[in-house]
Amino acid sequence: MSQSNLQSMFSNYIDQDTFFKNKDALTTNWVPDNILHRDEQIDDLASILAPALRGDDPSNVFIYGSVGTGKSLITRHVTNELHTVAKNESKDLEIVYINCKMKKVADTEYRLLAKLAGQLGDDVPSTGLPTDEVYNRFFEALQEQKGVVIIALDEIDALVKKVGDEFLYNLTRINDDLEETKVSIVGISNDLNFTEYMDSRVKSSLSEEEIIFPPYNAIELREILKDRADKGFREDVLKDGVISKCSALAAQEHGDARRALDLIRVAGELAERSESEQIVKQHVDRAQDKIERDRVVETVRSQPKHSKLVLYTILNATEDENEIATGDVYSEYKELCQNVEVSELTQRRVSGLISELDMLGIINANVKSKGRHGRTREISVDLSSNIKSQIRELVEEKFYI
DNA sequence: AGTCCACAGGAAGGGCAGGCGA
DNA sequence: TCGCCTGCCCTTCCTGTGGACT
């Protein structure tokens, strides 16, 4: 594009009518005034947390439901409202909301405690202190609060699976040592069988109350999406059937409202970029592709270098054959390492990297026993050729292959 | 019934970087 | 500066295992 073209493109961009009235309304972090199809859960959570307004400590609550069923949204909504009322009535109430899955933020016990202390006003360095010192700082910050502190831990299952449930045990016991502060915990989990990972003492004290969030069905999703689209898009930009299509696709993904919103927002962006008059169903198909591609490629990009090399090996090996075993991956990976002059890792580590890639949903690896011929994982890749070639390019660029 | 393959995957610990307090 | 602590990546060592083969 020549420079004058670039300028005219930019000025066109300014003049162009955008499809969006309020793009935030189409993101998952946005909390709408009226939340649809979750009245029961809102009432439940509100009545459990309400005692905080009288200075009593509310029961600990455990919230279950799969991705995109409104758990975080409802928790944020209810706690926001609670906080507003408490403020108006000048009650001592502090709300702390932490997402435990945020990388480098709260994915270890140390980081969680540091983050909790930080939100209560005591800045703790991101590393360097002994964990019990961080715990003490957090404890002191709590004691200074006085009144009720509600700690909402989102995606708590991810943290417990990673570091165990001991920190939860300590958290649930913290009330015994506090004098003027009362702590109540709201645990939010995507995994319905999550409590199996926990010690029974932690389980019973943490799930004094439980709220289940069922998946949305296609009709509910459509209403939710309609509501958000009315707020997010200008009038008449959506062609008939687009909302239904997004809801139907998201309903297949276990009733995931997050996916529905992503689909319609990205479809809007794609339509806008292609200078089309309206958002049509084809844009939704392309949005579906783009979301999946971005997810996979971004995940791969953030992997350590050896993980990339292992994936590259697997991609190449599965080109001629559908499945490959761990041992074969390892020998080809070693060869690749020699070619690109990188010192290779052990088989144990590569085995671990393969599990990680499997958990990230980039490859499929199933343990299979071949009798006399041993036990191994059969590894296959189920990605579109488009995504595969993007990953290859990414790795080749990095290692000058 | 027993053997044995080719790994899976747990446990422990080393080494390094980042960062604190003295 | 030094000693210490944590997280992270990795290695070493180890035990476990489903089912074809003997």
Side-chain angles (χ1 to χ4, degrees), chain A residues 98-118 121-141 155-156 158-167 170-171 196-199 299-314 317-318 321-338 340-380 395 398-399:
Chain A
I98 288 178
N99 187 325
C100 303
K101 214 178 173 181
M102 295 259 284
K103 277 230 160 180
K104 317 272 181 194
V105 175
D107 54 354
T108 64
E109 183 180 6
Y110 182 100
R111 284 180 178 152
L112 176 69
L113 288 170
K115 185 88 186 159
L116 284 169
D122 184 358
D123 274 332
V124 175
S126 56
T127 165
L129 299 177
T131 305
D132 45 342
E133 170 64 21
V134 183
Y135 186 82
N136 288 338
R137 292 239 203 145
F138 164 59
F139 187 82
E140 278 164 25
E155 312 222 31
I156 197 173
L159 185 54
V160 169
K161 277 178 205 164
K162 198 171 163 199
V163 302
D165 59 1
E166 215 180 292
F167 78 93
N170 295 333
L171 268 184
E196 283 170 22
Y197 295 88
M198 287 193 303
D199 186 289
T299 314
V300 173
R301 201 187 299 278
S302 65
Q303 291 305 299
K305 70 175 180 186
H306 283 284
S307 184
K308 289 195 183 91
L309 288 170
V310 169
L311 179 60
Y312 188 76
T313 309
I314 293 171
T318 50
E321 276 173 82
N322 284 338
E323 283 170 341
I324 182 168
T326 306
D328 298 336
V329 172
Y330 187 63
S331 49
E332 288 188 31
Y333 153 84
K334 272 205 294 197
E335 222 171 274
L336 177 65
C337 283
Q338 280 160 16
V340 297
E341 293 176 2
V342 170
S343 51
E344 74 247 22
L345 303 178
T346 56
Q347 176 150 347
R348 176 69 189 88
R349 182 65 192 135
V350 169
S351 168
L353 290 176
I354 292 172
S355 311
E356 284 168 30
L357 288 169
D358 182 29
M359 278 195 291
L360 290 167
I362 298 171
I363 61 172
N364 305 312
N366 297 310
V367 179
K368 260 233 169 115
S369 179
K370 294 180 182 169
R372 206 47 187 291
H373 306 290
R375 239 159 79 89
T376 183
R377 269 186 298 218
E378 283 188 340
I379 302 158
S380 61
V395 179
K398 184 163 168 80
F399 295 97

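Small disclaimer: the values here were computed from a predicted structure and weren't measured. The chains referred to below are lettered A, B, ... by the order of the sequence lines, with proteins before strands, and numbering in each begins at 1.
Computed from coordinates, the A/Leu113 CG to C/dC5 P distance equals 17 Å when rounded to whole Å. Rounded to an integer number of Å, the gap from CZ of A/Arg349 to P of C/dC8 is 12 Å. The separation between A/Ile324 atom CD1 and B/dC7 atom C1' is 14 Å, rounded to whole Å. The interatomic distance linking A/Tyr110 (OH) with C/dC4 (C1') rounds to 12 Å, in whole Å. Regarding A/Arg377, its CZ atom lies at a distance of 17 Å from the C1' atom of B/dC5, rounded to whole Å.
In this structure, A/Lys308 contributes its side chain and A/Gln303 its backbone to a donor-acceptor pair below 3.5 Å. Side-chain atoms of A/Thr318 come within 3.5 Å of backbone atoms of A/Ile314 as a donor-acceptor pair (strictly under, hydrogens ignored). Looking only at distances, no side-chain donor or acceptor of A/Ser380 sits under 3.5 Å from a matching main-chain atom of A/Asn322.
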Next on the checklist: Across nucleotides 14-22 of chain C, 5' to 3', mark each nucleotide with B, S or - according to how protein heavy atoms within less than 4.0 Å reach it.
Outcome noted: ---BBBBBS

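For B/dG9, the OP1/OP2 oxygens have no side-chain nitrogen or oxygen of A/Ser351 closer than 4.0 Å.
Contact check on A/Glu356 versus A/Arg349 returns a salt bridge, with a Lys/Arg side-chain nitrogen under 4.0 Å from an Asp/Glu carboxylate oxygen.
Ring planes of A/Tyr135 and A/Phe138: perpendicular class, angle over 60° (limits at 30 and 60°).
Of the residues A/Leu353, A/Ile354, A/Val310, the one that meets the side chain to side chain contact (heavy atoms under 4.5 Å, CB included) test with A/Tyr333 is A/Val310.
In this structure the side chain of A/Lys398 never reaches within 4.5 angstrom of the side chain of A/Arg301, judged on heavy atoms. In this structure, A/Val367 and A/Arg375 have side chains that are in contact, with non-hydrogen atoms separated by less than 4.5 Å.
Within residues 353-367 of chain A, no residue has any heavy atom closer than 4.0 Å to DNA chain C. Of the residues in residues 325-337 of chain A, none has a non-hydrogen atom less than 4.0 angstrom from any atom of DNA chain C.
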Item to check | A/Glu344/A/Glu335 under side chain to side chain contact (heavy atoms under 4.5 Å, CB included): CA gap, chis, key distance, verdict | outcome: CA-CA 9 Å; A/Glu344 74 247 22; A/Glu335 222 171 274; over 6 Å; no

Next on the checklist: Run A/Val395 and A/Leu311 through side chain to side chain contact (heavy atoms under 4.5 Å, CB included) and show every step you take.
Outcome noted: CA-CA 9 Å; A/Val395 179; A/Leu311 179 60; over 6 Å; no

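Heavy atoms of A/Gln347 sit under 4.0 angstrom from primed sugar atoms or phosphate atoms, though from no base atom.
One distance of note links CG of A/Asp358 with CZ of A/Arg377; it measures 7.0 Å at 0.5 Å rounding.
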